[in-house]
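Heads up: the structure comes next, in structure tokens.
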Amino acid sequence: MHWADVAANALSHKGAKHIVSTGITPSGEFHIGHLREILTGDMIARAARNAGLDVEFVFIVDTADPLRKVYDFLGPEYEQFVGHQLGSIPGPDKDGNPDWTRFENEGWTYGDHFLKPFLQALEQIGVRPRIIDNLESYQNGRFDALSKTACDKREDIREAIERISGRELAEDWFPWSPLDSKGSLDGVTVTGYEYPLVHWKDSHGIEGSSNLTKGEGKLPWRIDWPAKWGWIGVTCEPFGKDHGAAGGSYATGREIVQILGHEPPHPLTYEWISLKGQGAMSSSAGNTIGPIEALELVPPEILRLLVAKSKPNKAIEFDTGMSLVNLADEYERLAARDFSTELADEELSRRQRVQIEDAAGAMRMAVVQEGETAEATAVTFRHLALLAQTKSTDSGVWDSLRKAGAIAEPTQALIDRLDRMRSWIASKHFPLEMKISVLEAPHAQALAALDEDEQRVLEALASKLAICTWDAEHIGAAIPQTAKDLDCSPKSGYRAAYAALMGKERGPRLAPILAEMDQGTICALLNDCVKSLQQS
RNA sequence: GGGCCUGUAGCUCAGUCAGGUAGAGCGUCGGACUUUUAAUCCGAUGGUCGCGGGUUCGAACCCCGUCAGGCCCGCCA
């Protein structure tokens, strides 16, 4: 069973109606790692729907969280906002300074700045959660009743946190963080409580009162989370391994939510996605790949497959080079399989059966449109990468594929894919390994590997290509024909050509590549190769 | 200090919850294709399941210990 189905199965034992929740703090650029949170939730919800449950998927944006520090991508002016809530301060402009104009005219906040592009990416990926803005929820009184309970039962909560996390809370700890006289959550001391007011004294020596029902402050994280479960009615939530560890916020949350009078949701801990060779992604370290950026390179179903194919407790190493090519090709292979026929085979061992079921499950989760069956495009990414590099126009690519009998007419999916392929090739992410390059000077080692026949073929090829009509068709015919004229196998023609032009034993189809290049240059290179062979 | 996760073929991983002859995909190698040679098809190759003990007729799987990597016990997906 696919991991999402396992989770859905667990939910089905607890009831028929469910709310699967996810949440992210919009403190910086969203990246692929955040996508795992959202996609994990989306896939559980999808699996639960498949299992006939009534399920809603929500995404809580933690706009009530404070700005922790002036990140590297922010200008020094943000110093004044440290401790202020992300949903109440202006977003950065392109220089990293507060964009007051948009803030005052459109109410464009720091949270919006990072959230909106992410939501656009989610749309493309086929994820459409109900968005809950946490700061608004506080201001609209959603947390009112639960905040009151938390303040009333603060000793029970304190005991739970101290026991489970093993840390000691300060004497003046209080389960409500009031906003101070300047709107910051930092450095405020609670001096008293009479519902709905929490009295405080701030770091400037000013005293005041915070109204719980109006969101003039927030619950600290370890209480904020279970309180959300409570008022939203969350029954299932995936979260990163940081929250999942013993003594972590899920462990305290599951007890606190009961103190608040609700049941804890079904948990699912997932591992991080790291960027190959660079450790965990972190916005401030700048080693991130955003979902938008990734979507310029590959279609959304491939990003979905990345998350769908790995069990949540497996760390994922991501990179935009060869791993992405392999992932994309894997998608194609999976799309081409007929799982129901495979499963009909009664000879299958239990193990083989599980493997096929998991692959089928992963594909159900990977397709963008729920319920659709993935369609193989009949062209692997490798092949498309090749065509995109050798054909300067799209119609050239389609002609080649038609001639090969791979397609009749390009589908929208394929057109779309070629677009992304072209931007991938143009980007810094495209792997060198996939790049087609013709040598500029003879490659002695590769030439030395040729046997006598192949060397003769190379010589003949040099003169033959010099008089060849310079188009793909004629070049393509000339290579094997030259070999045959000398009573050698067509293979020796290719071997000779690859050794001379690319310094390798094999490679991509030569003819279309050569046709795009200058005949004189190619022939000069071939002649140089012949000369270097004669000298040795 | 306490706790969690991971360790299985060259690589990525299934299989561990319900113990019963080690599984996939990729890669590699070989063959086919008289001409799309990074393609496609067919075939083969490949593992003392991190290590040591224990329980059992039988252990990758359960128990104890141990090593290695990652993470948590302020905040972080």
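Side-chain atoms are counted along with the backbone in the values below, which use heavy atoms only and exclude waters and symmetry mates.
At whole-Å resolution of the value, CG in A:Leu343 and P in B:rA24 are 15 Å apart. Between the CZ atom of A:Phe318 and the P atom of B:rC11 there is a distance of 22 Å, given to the nearest Å. Whole-Å rounding puts the A:His383 NE2 to B:rC41 P distance at 13 Å. Here B:rU12 presents its C1' atom at 11 Å from CG of A:Leu327, a figure rounded to the nearest Å. B:rC73 atom C1' lies 15 Å from atom CD of A:Glu255, rounded to whole Å. Distance CH2 (A:Trp272) to P (B:rC76): 9 Å, rounded to an integer number of Å. Rounded to an integer number of Å, the gap from CG of A:Asp242 to P of B:rG3 is 20 Å. Per the geometry, CG belonging to A:Leu401 stands 13 Å off P belonging to B:rU40, to the nearest Å.
Electrostatic pairing of A:Lys391 and A:Asp399 does not count as a salt bridge here, judged by no charged N lying under 4.0 Å from a carboxylate O. The pair A:Asp65-A:Lys218 meets the salt-bridge criterion, with a side-chain N (NZ, NE, NH1 or NH2) lying under 4.0 Å from an Asp/Glu carboxylate O.
Side-chain contact between A:Arg163 and A:Glu255 is present, with at least one heavy-atom pair separated by less than 4.5 Å.
Closest to the A:Trp221 side chain, of the nucleotides B:rU35, B:rG70, B:rC76, is B:rC76. Comparing atom distances between the A:Val354 side chain and each of B:rU35, B:rA14, B:rU12 picks out B:rA14 as nearest. Nearest to the side-chain atoms of A:Arg222 among the listed nucleotides B:rC73, B:rU35, B:rG7 stands B:rC73. Taking the side chain of A:Gln481 as heavy atoms from C-beta on, and the options B:rU35, B:rC73, B:rA14, the nearest nucleotide is B:rU35.
Under the Watson-Crick and G-U wobble criteria, each requiring two contacts below 3.5 Å, nucleotide B:rG1 is paired to B:rC73. Within the shown strands, B:rC57 is the pairing partner of B:rG20 under the Watson-Crick or G-U definition, both distances less than 3.5 Å. In this entry B:rG46 has no Watson-Crick or G-U wobble partner, no candidate having both defining distances under 3.5 Å. When Watson-Crick and G-U wobble pairs are counted only if both distances are under 3.5 Å, B:rA39 pairs with no nucleotide at all. B:rG65 is paired with B:rC51 under the criterion used here, namely a Watson-Crick or G-U wobble arrangement in which both key atom distances are under 3.5 Å.
When heavy atoms are screened at a 4.0 angstrom cut-off, A:Ser310 is found touching no nucleic acid atom at all. Using a 4.0 Å heavy-atom cutoff across all strands shown, A:Ala315 reaches sugar-phosphate atoms only and no base atom. Across all strands, A:Arg36 comes closer than 4.0 Å to no nucleic acid atom at all (heavy-atom distances). Residue contacts for A:Leu510: at a heavy-atom cut-off of 4.0 Å it reaches no nucleic acid atom on any strand shown.
Comparing B:rC73 with B:rA39, their P atoms are spaced 47 Å from each other, to the whole Å. The separation of B:rA59 from B:rG54, taken at their C1' atoms, amounts to 11 Å, rounded to a whole angstrom. Distance check on atom C1': B:rU12 versus B:rU48 gives 23 Å, rounded to whole Å. Atom P of B:rC4 sits at a distance of 46 Å from the matching atom of B:rU40, rounded to the whole Å. B:rU8 and B:rC51 have their P atoms separated by 10 Å, given to the nearest Å. One P atom belongs to B:rG19, the other to B:rU56, and the distance between them is 16 Å to the nearest Å. For the C1' atoms, the distance linking B:rA9 with B:rG1 amounts to 39 Å, nearest Å. As rounded to the nearest Å, B:rC49 and B:rA32 have P atoms that lie 38 Å from one another.
Applying the 3.5 Å distance criterion, the base of B:rG25 shares no donor-acceptor pair with the side chain of A:Glu330.
Map A:Gly240 and A:Ala478 each onto its nearest nucleotide of RNA chain B; the residue landing nearer the 5' end is A:Ala478. In terms of position along RNA chain B, the nucleotide closest to A:Asn313 lies nearer the 5' end than the nucleotide closest to the other residue of the pair A:Asn313 and A:Arg333.
For B:rC5, the OP1/OP2 oxygens have no side-chain nitrogen or oxygen of A:Lys311 closer than 4.0 Å. A:Asn326 has no side-chain polar atom (N or O) that falls below the 4.0 Å cut-off from OP1 or OP2 of B:rU12. Residue A:Lys314 has a polar side-chain atom (N or O) positioned under 4.0 Å from OP1 or OP2 of B:rA14.
Annotation: the span from A:Glu301 atom CD to A:Met365 atom CE amounts to 15.5 Å, rounded to 0.5 Å.
With sequence neighbours left out, the ring-ring contact (aromatic ring centres under 6.0 Å, His included) criterion links A:Trp221 to A:Trp225, A:His243. Residues passing the ring-ring contact (aromatic ring centres under 6.0 Å, His included) test with A:Tyr110 are A:Tyr78, A:Phe114, sequence neighbours excluded.
Looking only at atom types and distance, the side chain of A:Asp133 has a donor-acceptor partner in the side chain of A:Thr63 under 3.5 Å away.
Here A:Tyr250 and A:Trp229 bring their ring centres to under 6.0 angstrom of each other.
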